Every structure is written in structure tokens, then in C-alpha cells.
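Written out below as C-alpha cells is the structure these notes cover.
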Protein chains: 4
Amino acid sequence: MSAEAINDRVSLAGLEREDILKIADNAGLENAELYSRNIENYIGTVKVPVGIAGPLRVNGLFANGDFFVPMATTEAALVASYSRGSRCITAAGGCSTLLVKESVCRSPGFIFKDLSDAGRFVVWAQDQYKRFEDLTTGTSRHCRLMDINITIEGNHVYLGLNFSTGEAAGQNMVTIAAQAICDYIREQSPVIAKNIFVEANLSGDKKSSFLSFQTVRGKKVEAEARIPAKHVEKYLHTTPSVMCDYWRISSIGGSLSGTIGMQGHYANCLAAVYLATGQDVACVSESSVGVTRLELDDNGDLYASVSLPNLIVGTVGGGTGLPSQRACLNILKNAGADNSHAFAEILAALCLGGELSIIGAICAGDFTKAHRLLARGR
Amino acid sequence: MSAEAINDRVSLAGLEREDILKIADNAGLENAELYSRNIENYIGTVKVPVGIAGPLRVNGLFANGDFFVPMATTEAALVASYSRGSRCITAAGGCSTLLVKESVCRSPGFIFKDLSDAGRFVVWAQDQYKRFEDLTTGTSRHCRLMDINITIEGNHVYLGLNFSTGEAAGQNMVTIAAQAICDYIREQSPVIAKNIFVEANLSGDKKSSFLSFQTVRGKKVEAEARIPAKHVEKYLHTTPSVMCDYWRISSIGGSLSGTIGMQGHYANCLAAVYLATGQDVACVSESSVGVTRLELDDNGDLYASVSLPNLIVGTVGGGTGLPSQRACLNILKNAGADNSHAFAEILAALCLGGELSIIGAICAGDFTKAHRLLARGR
Amino acid sequence: MSAEAINDRVSLAGLEREDILKIADNAGLENAELYSRNIENYIGTVKVPVGIAGPLRVNGLFANGDFFVPMATTEAALVASYSRGSRCITAAGGCSTLLVKESVCRSPGFIFKDLSDAGRFVVWAQDQYKRFEDLTTGTSRHCRLMDINITIEGNHVYLGLNFSTGEAAGQNMVTIAAQAICDYIREQSPVIAKNIFVEANLSGDKKSSFLSFQTVRGKKVEAEARIPAKHVEKYLHTTPSVMCDYWRISSIGGSLSGTIGMQGHYANCLAAVYLATGQDVACVSESSVGVTRLELDDNGDLYASVSLPNLIVGTVGGGTGLPSQRACLNILKNAGADNSHAFAEILAALCLGGELSIIGAICAGDFTKAHRLLARGR
Amino acid sequence: MSAEAINDRVSLAGLEREDILKIADNAGLENAELYSRNIENYIGTVKVPVGIAGPLRVNGLFANGDFFVPMATTEAALVASYSRGSRCITAAGGCSTLLVKESVCRSPGFIFKDLSDAGRFVVWAQDQYKRFEDLTTGTSRHCRLMDINITIEGNHVYLGLNFSTGEAAGQNMVTIAAQAICDYIREQSPVIAKNIFVEANLSGDKKSSFLSFQTVRGKKVEAEARIPAKHVEKYLHTTPSVMCDYWRISSIGGSLSGTIGMQGHYANCLAAVYLATGQDVACVSESSVGVTRLELDDNGDLYASVSLPNLIVGTVGGGTGLPSQRACLNILKNAGADNSHAFAEILAALCLGGELSIIGAICAGDFTKAHRLLARGR
């Protein structure tokens, strides 16, 4: 986009040149081409400050080592809190992580004349699994059909197509594969659908859902740590026993409020790291569900775990190739740059750190204080 | 943060100087002070491209006029799609919007010896409303206590404190007010609590919840448009009838997947505008719920509405004062810069545009095509 | 219904006389008149065996004493299990109970031309509270309007009318009151609704809902007991510690399965007592939600509580006046016969006993054994 | 139980002999033996009036013909309403039904030392599928293991064991099979569990859950009818168009209230038929979820469907063999007596009739009137 184009846009939208320049600054004007595959109607960039949390020791299936994690946010106290939780985990020898499974869903929907046609279609579709697999592979060598869940509701049928997507988060990839399957159905199905829609909202895309929470959307990762009472005291200024009391009341609070799962503030961690590393930030909506658990163990120490079944992350595609985002991925070393499994494990580990830190702060009475000090003036 | 500090951090975290520079660039090194109230362990900024969607005509209680809305995203096709939906609404004469109510909740939790103490505490607390109001006002002249919902569960009690927060999103403000109320309770309550926690997870903070969906968290806004069939055809390349068929199958799809509410992709709109304008992006988690409704009216035209009860937005505080974020708010004119009510109405209107555009694309078979064209090469 | 009528029905439906007689038996043929206000197309009665569970010691706000509770069920082991739990509670000195609040909702729905009309209607309706109260009182001296929650969704408006209903469960009562309010609105509202529906499904009637769970539907009751470790061992053959381990895994199991609340099998208790005492058994659907909590206290004893916010019970109306049902209510003495508050507290206490017993059985490995022994031959 | 035993109980519980006799009547005292496998602490029977609804024409995969369905209830107007809906369906040529799938879940839970042990256990368990199948078959020739879903949450593991159970509802059967599998695991697993629980609440047993709603618990059945506008007018006194308006507002009402699925009052049908036919009435809790859908078709007629995924029904076991219950099953002819699939289809068809009737009544303004007339005097 040339400077003239910017001018045009300014006059079109009645924008103030001064504002445009704050957005566009040098980078903006020069980098229109850089962003051309990521945005339309480009007018510049918004700059979000990045802090790093850590060190965070992870003993995982894919991620191993001490990590510093870049977080982009404008909320004071957030990076400090995650950093504190990370150091607490590290002092305790690190956390275990386990990527359990991965899959991304697209759910085409079909409207038939009646229930009978719907039933006959399902019988036919169940026989096409091999063909659907081939069609999938034909759209991308990184995409593989892993499973189909079929749902009938009256004369409606949903195909829950579950794909693996390599190193990419994969939402475009699975759309294209699902389209290929829908096109094939339109041409080959012996039962004619009145309508075929490539996505009919039974996939959990861009929203929290019990379906994705119970299964997986993206990557499902567990993280666990055992924190000695003395480290709870040193880093979090409270005791394992009070933290467990808090876990009970806050888990039931979550249940009473009708949330999906029971956790504290995964969204803070995920939004900040997704943003820093060029992930699709809108997916915070679906990713920020899971289960946090605290227990007092027989030695009086704290057992803590998090379970995050909906991490939509990739190390290629989306915004991951843009300069500042790629640099943030590089900070994670190979875990960010070329290993989405390790990246997902680090995210779960950091969420665990964040849960420990916020629960600790609430138990110690530091929660408000932190906000008051760091956010003074606002 | 000085260059030396950056150097220190580089060596501490083992970061590559080259990566740090991509993040830090000129702005980063010079602007550490600028961001000091928004982040800790600062190392630079991440740059997210901004496009503008519009024109979007809004006939609201607070927002009136044709708006261009800045959206920050790295997902191709997104701004184009919202822009298309906005133009479709505008061609139809614009949409009506209505901010219905506003409130932000904090929910301190109290653990008592037994149910009897819990009951006695509740009786006492119900009498303290006036005092709690005064304590609230004492913490900020912008914060006002509006309502208390008390929940007993065994020997646990939750106080659902609902506040208005002026032009700020208000999460810090309500924490500080809730703390003042908790401090007062600790000192004055005739019934001694074993534990007092300033937040016990019955507030919907940073997560989707039925509680917030049914009531309000932040601002609840409605938007509605009536799109003539000819505009549906011209802008969306489909018909009102097919779009209503899609609405039914996708609403039931949402129900089957166990989502909160029924909608398509509010998260895309909210993440992009929250990011551009310095809102707390983690709140996409709680904000991206609501109800989209389509109907075929007696004239064969399309009735469309969205209902968004959890918009956490402000025009002061958080990242709203940072240069590029403030510039984006300025693009919205007074709706962004000094009127959070108008801002919320514009967000609902843009979500309505996004719902129309994506449903239209899925119905016309354009959904995959758009992704394929715009995302080519990835 | 005369014997001839029975004959007619036999021939109409092609029923076997032999089957009819098993249903009709002496009671059936003679008692048609008896049941005429409770059923249509009467052909006889189904007989469900009743067992009594207890003694159950309750130290409540309304219920006080040792109770034997009649349970009607055909599921072996059920009465035995509730009886065991009751005796365990009684041995520990009984349980505390607390009826926290009561209310039954009807939610008329209104469709308007557009959002603007919906908004104007709401403004008008908010001013009619006093009038709605009077209309309510006019329909029944037992019915009182307690609260209205208004919800706007596009051009739809829901009035959440919350009533108290005296000693009756009250579903008919609130329907009649809501109808009177709707009739008034139809005649007096300055804004014309396209449709008025006396119930639009925002009331939680006959289904589990987060709305009713979070607030109240019918009566909300808490029950709590502290069971010494020795009684856990004697009655339940396990330890408080294992039971708390079970509570954690099963509460998270409930969350993972997407239930409303976290509990074991309230439905068993409620179905059996509702049936025995002439309550509306279909309301088991909405009543069987709540929160069970177990904790290990500092002395190594077991703290246990249940919270049941949706008990739809009455001591008049429905089937409560029929002979065998009334007799079962009488077994509960004044708690059943003329005190729905005490009745609700006893139900909560019995649910607590049932939770203790089933969790104990699962922890001790007795769960399957009980079913195997008692259900042998099936 | 002898008369002396009754006397004992009377004195023990302080019961009034007069009440006992109303419950016990002739049947009660003589039939203690009859009910000995179904109840403990037997004191007599409760009598619930039975009415029959129909004729209901079903064109199903398993059920075919015109059926009269026995319903046991004490709620006036209920049988009349279901009968009206049934006749409306029959007049329209009947409804299609389709039993889609069946399965009953038990979900043993395992607590391990840590996440690593949990992971190793899962790897081992995945290899035992054949063995688990054999163990299942060994417990009952009617029980078959169909599928296992494994869930890891920290150091907790849940095995979602899905069984088919022949003609029985199967809850005891699956408990015994799950126990056999747990016993085997306790003996053979190379990874030692700290605790093994035969059921850890991830099965949807005795409660509504999104898990069961999305998959199946018991039997999943669809039913569908197309009702000509003239029959809507004749039987329901309203129009398809108004009924569709109602469907929209009430479906969204359901979503706003946080229910699982979207439907009106399945619970009424299920409670009444479960009760009449000796099913486990407590399962109304889990069975009363699903999706009702209404549409105006191109001819101006009404398309209506119901989807009920959680029907827990059997024709053997539980109370199905007791005299009056068996007689009610016989009224359904082979559909009740020896064909649980046909029985389930009839239930879905009757639920469809009930949805049509209640929605018709609400749309025509008859809903309150019916209650007022039939329930007069209460």
C-alpha cells in the first residue's frame, strides 16, 4: 500500500492524518507488502509491549529445559505474576508435561428432505471413510483425516471431521479438506442433500464448548508439579493447605457460574503468548478452558496440575512468520520455531505457573496489592 | 529499561541479540518508559497489522453515524469479511443498536466453620449494603456498587458484588473495591470467617460462563438489521431463505456442541478490535458469547440480530492510552475516545456484520474460496 | 369411570382384558372418581413398592427430629443405601439443614416488530411492577410476585416472573398468575406485541438449567454433617481420606462430562420420595442438580454438605391428596403433611445420606457387591 | 414381610397404623414377597393412576402401527395433552422414527502417583481392549463392550466403558462388567493405582450431561412428522407460522437459561411412561434432554422433529416384571413386552406428540385454560 493509498483511506474514512501516522509510523508505511498476506485494508500496525516470563523448567514429552516465554500484554502485573509462578515451579525442580492428543475439527452440515434420507445418507457416508482420507491428503500433505463422528438430528446430519494438521494450527487446512469432502459428497452421494454447508457449528471453532473440552481441539496437554511447602511459602507467601481451601471454593464457584471446566485465568497466559508469537488470538475463546487441580499431599506439600485440551497453536502459518512474532518464537528456541508440540507443552506449563501465582496471591492477600502498586495512576 | 538491561536479559535468558532487536527495534529500546505501567520484564513490542472495516452505519442509543473500525489481526480474509458485512448493513440503512445494561462483578468467597455460621453471616451482610456502597465510592469516584447476589453452598458463602465502572473496563477498579469490602468484613463481621478470598470464581472473570451470559459482564448490547433480499444477493451472493436454513442447523450445532449461547465467530471481531484499541485481549474469553438470530420476514427479507452481554471495554485504562492503541480509538472518533457506551454499540454492530458475512459465505460456497485465495502460499 | 367405560376403552385400544385387570384391580375400577382430577383416560393404577429409610436425624430451620422417609422405587438396594446413609448421619448427631430461599418462575415471551419496540416495552413494563403484584394476588391468595428479571434478545423480550407459592409446588398457580399478567399486557401495553406466549422456556420448567441452579427453582436447601472417622469406618467401611480423594475425582468427572453442578445421585432420592408423596415426578429433571462437597477436617473427620437449589415440592395439590400418597406424607408427620419447608429440608438431608452411602460404597468396593447381592436373579 | 414385621416397623418408626394400612392395603401385606427383589424395608405400595394416550401412529425402524401408551401421573391435563398430540400425528399419517444407536457407559476412575504413571497406564490399558471385551462377556451374555474413551486429567485417569445391554436398561449389568475390568486392572496392571473407583462420574449416570447428550446414553432415537396446516388448525387451534415463531423464542429461551439441548417438556412424557412400565424413574434426570425442531415448509405445513439421545429403557429387569408394570408394557404389545428398541421409538414419538400439543396450546392461548379447567378445585 502506497502513501497515496493511505491518503485515499484517510480521506475516505475521514481519518486524522496524525492518528494514521501513529499507527503507520515508519514500519507501517514501508511494510504494507510485508503484511499483505495477513490483512486487508492495511493502515499500519499496533504495537503491544512484550515482557518475558521465566525461567520455567519443563520436563516434558516434547519440551525439555528452562524456558523464557515472551508475553505481549498491556495489563500490568501479568508478566510479573507468570514469572513468579514459573520461578516457583523451577525451584521445585520443574513441571512434568504431556501432550496427550491432537486434532482439529470441521463439521459440515447437510439438510435432507426427511429423516429417512438422512439415515440413508449416513449409511452411505460411513462407507466412504477411505475416500475421505484420500481427498484430505490430496488437499495438503500435512493434513490427515483421523476420525469422523456423525450426528443425526431430524433431517439434519453433521459430519464431525477430525484432522491432524502438522506444525500448523490448521484452521485453513481443515476448511479446505472439508470442502473437498463436501464437493465429493455433492457429486457422488446417492442421497441428494437440500443444502450442504462446509461448517455447521458442531466443531467448537472460535468458542468455548463442552464438546472440545471433553475431547480435544488443537492439542490437549497436561502439566503437573509438586511444590514443597517451603517453596509455597517462599514464592507465594501462603501455605498448601490454604491454597487447597481456595481450590475447593473456587472450583465450586466455577461450577456455580456455569463455566466449562474449572480454572482460574488461562486466558491471560494464552492471550499474551498467542499474541506475541503470531497465533490466532481469537482462539483464546476456545483455548481458555480446562481443569486446574490442587491437592495437599501426605507430606504436606502441594500437588498442582492443569489440563488444557484446546490449545490451537502452530509454528508455521498465520502470523508466525511476521518479523516480531517470529523473533518471539525464536526466544523459545526450537520449542517455538519448529516444534508445535513442545510449544504447546510450554504453554501448559506457563498456565500452571499462572494458576499457582494467582491462587497464591489471593490466598496471601497480595492480589489486590499487586494490582494497586503496579497499576497506580490508573 | 536501558540498553544494558536489555543486554543483561539477553545473557540471562540466553536470547539471541538478533531476535531481541526484531522485537525491540527503535521503538522498543526507546520506549521502555512508555510501557512501564503496562508490562514487566519489557523487551520490546510485537507489531500486529491493522486494517479498517467499514463503512458501518449504526443507529444506536449511543453510537450514531458511519464508522470505520480498526481491526488488528494476522488472519487473512478477516478484515475483508467484516468490511463486506458492514457495507451490506450500511446499504440496508444501517443497524439499530441498544446498550441494555452494564455491570462488572467481583465475587469474594468466605469459608466458615459451619452452615450455621454461614447463615448468620449472610443475615449480617444483607444489612451492610449501604456501608458497602460507601466503601466502594471511597475507592474510586468512578466505581459504584449496583447490586449484591449472595450464594450459600454449605459453609461457603460468595458475595456477587456488581459494580458500574464509568469509562473504564474496570477490572482493577472492582478488585480494589471488593478488597475494601473484604477488609471491612474481616474487621467488623460478628461471624468470624476461616478464610476470606477477594475473588472466588463466581464472577465469570476471564472465562465464558452461563452466569455472565444470562446477566451481564461489562456491557450488554443488542444490534439488529433488516436486510432486503436484493442486498443479500448483491453483497452475500445467497438468499435470506438459505441463510435461515443455515441459522437453524448451526444454532442446533452450537447447542449440540455445548456452547454458551448460539453464534458464529464473535471472537474474531472482538479479538481484532480489542487488540487494536488497547482492551484486555484475554477478555475475548468471556466476551465471545451471545445469540445471533436470523429470520425470514413476511416480505422475504432477512431479519438479523446479535445480542452480546459480556463486552468488557473501556476508553480509559489498560492499553487504551498507548500511542498506536489511542490512535485506533481516535479512528472511531468520539465513540472510541471518550464514550465506552458508543464503542460497545459499534462492536455489536460489527459483530452483526461479521455474522452476516460468514453465514453468507458459507451459504454461497464462498467460505473456503475466500480462505484459499487470501491465504494462498500458506 | 364405569366398568362399561373400561370395556369401551379395552375395545378401542385393542387392550387385553387380562392386562386391564392387573392395572385396574379392585382399586382401579372403584376409584375412577377418586383420580378424576389427576388424570384423563383412566384405566387403573400402577403399584410401586414403598420402603422406608431412616432413622434420619435432622437439625434444621424447619425440620427437627428423627425421621423415617418413605421411598417408592423398583430399584433394589436403593432404600437400603439411603437407610445406611441416614443411620450414619444420625449416629454422628444428625445433620444441619437450612432452607435458604424459595421461588417458582414463569417466563412469558413477547415478540415485537423490532428492537426499538422491545426497548420501549421494557421501559413500560418496568413501571408496572405494582400492578403485576396485584394481578398475581388476584389469582390466588397463596401466590405472590417476588421479583422480575427482564431479558431482551433482539426483538424478543422475556419476563422472568418469580413467585412464592405457599405450601403448593405451585406450577399451575404461577401459570395462572402469569396468564393474568400477559392478559393485562395484551390489553394495556402501549407497545403492541406481535406474539405473546405465557411461557417461553426461560424458566427452567421440567429441565435442568444453569439458570435455576444458580438461583432457585422451588426451594433451595443446604444440608451439612460432620462424620467422625470412626463412624465412617463403622457405617461406610472406608476412611474420610479416601472419600475425599473420590470427591475430587468425581467432581472433576462431573465437570468433564458437562453436568450442571457436581453430585452423585440426587435423582434416586428425589424420584423415590417424590413418587411416594405425590409430587410431580417429572420435576426430578430439574430438581436433581446441586453441589455435594466432602472435606477432610483438621481432626481427620469428614465434613460433608449438599446444596439443592431446585426442590419442587408441596404438601398440597398435585397427587399429595391421594390416599396412599397422603399416607406417605403422614409418615413424615407434620414435616410432610403441612410443612413444605420442613419437607424440603428432609429431602436435602436424605440426599446427603445417599451421597455418603454411595461414595462410601464405591470407596469400600461395596458398590458392585450390593447390586450383585440384592439384584440377583436379574 | 409378615404382619408382625409391619407392626414392628410401625412401632419403630412411630408410624400410625392407619397410614400404614393405606399404603399397605391388601396388596401390600400379601405382596411383600412379590416386591422383595425390588425394595428393602417394604411397607406397602403407592398407587399412581394410569391413563392411556393415543392412538399414536408410528412408522419406525422397529415400531410400526398404532399404539396406545399407558402414562402414570398425578398431574391433570397431562394425558389429555399427549393424547391430543398423538391424534394430531396420527391424522397426519403418523411419524417416522429411527433408533440411531445405543450404549450405556460406566466410567471407572484411577488415581496414580503422578502424570507419568497415568500416561504409562493409559498406554497399557489401550492394549487390553480384547481382554476387557472377554471380561465383559464373562459377566453376562447380554453385555458387550463396544468402545472405550480414555480421559487423562493430571494424575487421574477415567476409562469411559461403553456397553450394549440387550433388552435391559442395563445399569446393573454395566456396573458388574466394569467391576470385572477394574478387578483385572488391580491384579494385572504394571502401573499401580493409588485408588480404583468403579464409577467416577464421567458416565452421565442419573444426571443430565453434555457428554451423554452429544453421544448416547441408553438409546438415541429420532422422530419426525410433517403436519399439514389444516391439521395444525383442527387439532392445535393455531398455525404452523406461529408455532415456528414460538420455536425460535423458546429455543433461544432454553439457550439463555443454560439447558442441555432445546426442548419443551420431554420429562412429562418420560416420567409418566417410565413409571407405568417399571423403568427406573430416576433416569428421567438424564433422559429428559434432546432437541425439538419446528420448521415451516415450502407448502406452509409444519415440519417437526425430536431427537432423544438418552433413553434408558428396557423390557426386562428393574420393575418391568411386576404385575401392574408388566400389564402396562403389554398394552404396548410386542413393542413393550419384548422389544426395547420399538419401545424407545414409541417414547420418542410420544414426546413429539407432547411437544406439538404443548406448543400448540401455548400458541393458541389454551395452555392456561387447560390447566385451569382440569385442575379446578386445587
Side-chain angles (χ1 to χ4, degrees), chain A residues 13 19 22-23 35 38-42 44-52 68 72 74 79-80 109 156 172 175 179 195 197 200-202 206-211 249-250 253-254 256-259 265 267-268 271 276 281-282 284-285 288 317-319 323-324 327 330 362 368 371 375 378, chain B residues 13 19 22-23 35 38-42 44-52 68 72 74 79-80 109 156 172 175 179 197 200-202 206-211 245 249-250 253-254 256-259 265 267-268 271 276 281-282 284-285 288 317-319 323-324 327 330 362 368 371 375 378:
Chain A
D19 287 330
K22 276 199 195 110
I23 301 167
Y35 296 115
N38 293 86
I39 201 150
E40 304 82 43
N41 303 348
Y42 174 77
T45 62
V46 69
K47 287 89 190 164
V48 186
V50 177
I52 62 173
F68 286 87
T74 57
V79 173
H156 290 171
N172 284 333
T175 303
Q179 185 67 52
N195 298 104
F197 303 113
N201 207 21
L202 190 41
K206 294 288 188 310
K207 55 196 69 95
S208 300
S209 73
F210 276 103
L211 175 68
I249 195 172
S250 65
L256 287 166
S257 71
T259 57
H265 68 142
N268 277 329
V281 183
V284 166
S285 178
S288 57
S324 52
N330 285 342
I362 292 173
T368 312
H371 282 84
R378 280 189 297 161
Chain B
D19 288 329
K22 273 195 197 116
I23 301 166
Y35 297 114
N38 293 86
I39 201 150
E40 304 81 42
N41 302 348
Y42 174 76
T45 61
V46 69
K47 287 88 189 166
V48 186
V50 177
I52 61 174
F68 287 88
T74 58
V79 174
H156 289 171
N172 284 333
T175 302
Q179 185 66 53
F197 303 114
N201 207 20
L202 189 42
K206 294 291 189 307
K207 54 195 70 91
S208 300
S209 73
F210 276 103
L211 176 68
D245 284 347
I249 196 172
S250 65
L256 288 167
S257 71
T259 56
H265 67 142
N268 277 328
V281 184
V284 166
S285 180
S288 57
S324 51
N330 285 342
I362 291 173
T368 314
H371 280 85
R378 281 189 296 160

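Letters A, B, ... are given to chains in the order of the sequence lines, protein chains preceding strands, and every chain is numbered from 1. What you see is a predicted model; the values in this text were computed from it and never measured. The figures here come from the full heavy-atom set of this structure, side chains too, leaving out hydrogens, waters and symmetry mates.
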(message) Please enumerate all residues that pass ring pair (Phe, Tyr, Trp, His ring centres under 6.0 Å) together with A/His156, with sequence neighbours excluded.
(response) none

(message) For A/Asn268, which atoms come within 4.5 Å of any heavy atom of chain B: side chain, backbone, both, or neither?
(response)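 It is both, since atoms from each part get that close.
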
(request) Under 4.5 Å heavy-atom distance to chain B, tell me which part of A/Ala282 shows up: side chain, backbone, both or neither. (result) both

(message) Using the side-chain contact (heavy atoms from CB on, under 4.5 Å) criterion, which residues pair with A/Ser208? Sequence neighbours excluded.
(response) A/Ile260, A/Val289, B/Ser208

(request) Between chain B and each of A/Leu211, A/Ile249, A/Leu202, count heavy-atom pairs under 4.5 Å; write down the option with the most. (result)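 Highest number of heavy-atom pairs under 4.5 Å: A/Ile249.
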
Do you know which two heavy atoms are closest between [X] and [Y], and how far apart they sit?
X	Y	answer
A/Ile39	B/Pro49	CD1-O, 3.1 Å
A/Val46	B/Ala72	CG1-CB, 3.8 Å
A/Val50	B/Thr45	CG2-C, 3.9 Å
A/Lys47	B/Ser324	N-OG, 3.0 Å

(message) Under a 3.5 Å cutoff, is there a donor and acceptor pairing between the side chains of B/Ser209 and A/Ser257?
(response)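 No donor-acceptor contact under 3.5 Å links the two side chains.
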
(message) Please identify, among B/Ala271, B/Ser250, B/Ala276, the residue contributing the most non-hydrogen atom pairs under 4.5 Å to chain A.
(response)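 The option with the most such pairs is B/Ser250.
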
(request) For B/Asn41 and A/Ile52, indicate whether the former's side chain and the latter's backbone hold a donor-acceptor pair under 3.5 Å. (result) yes

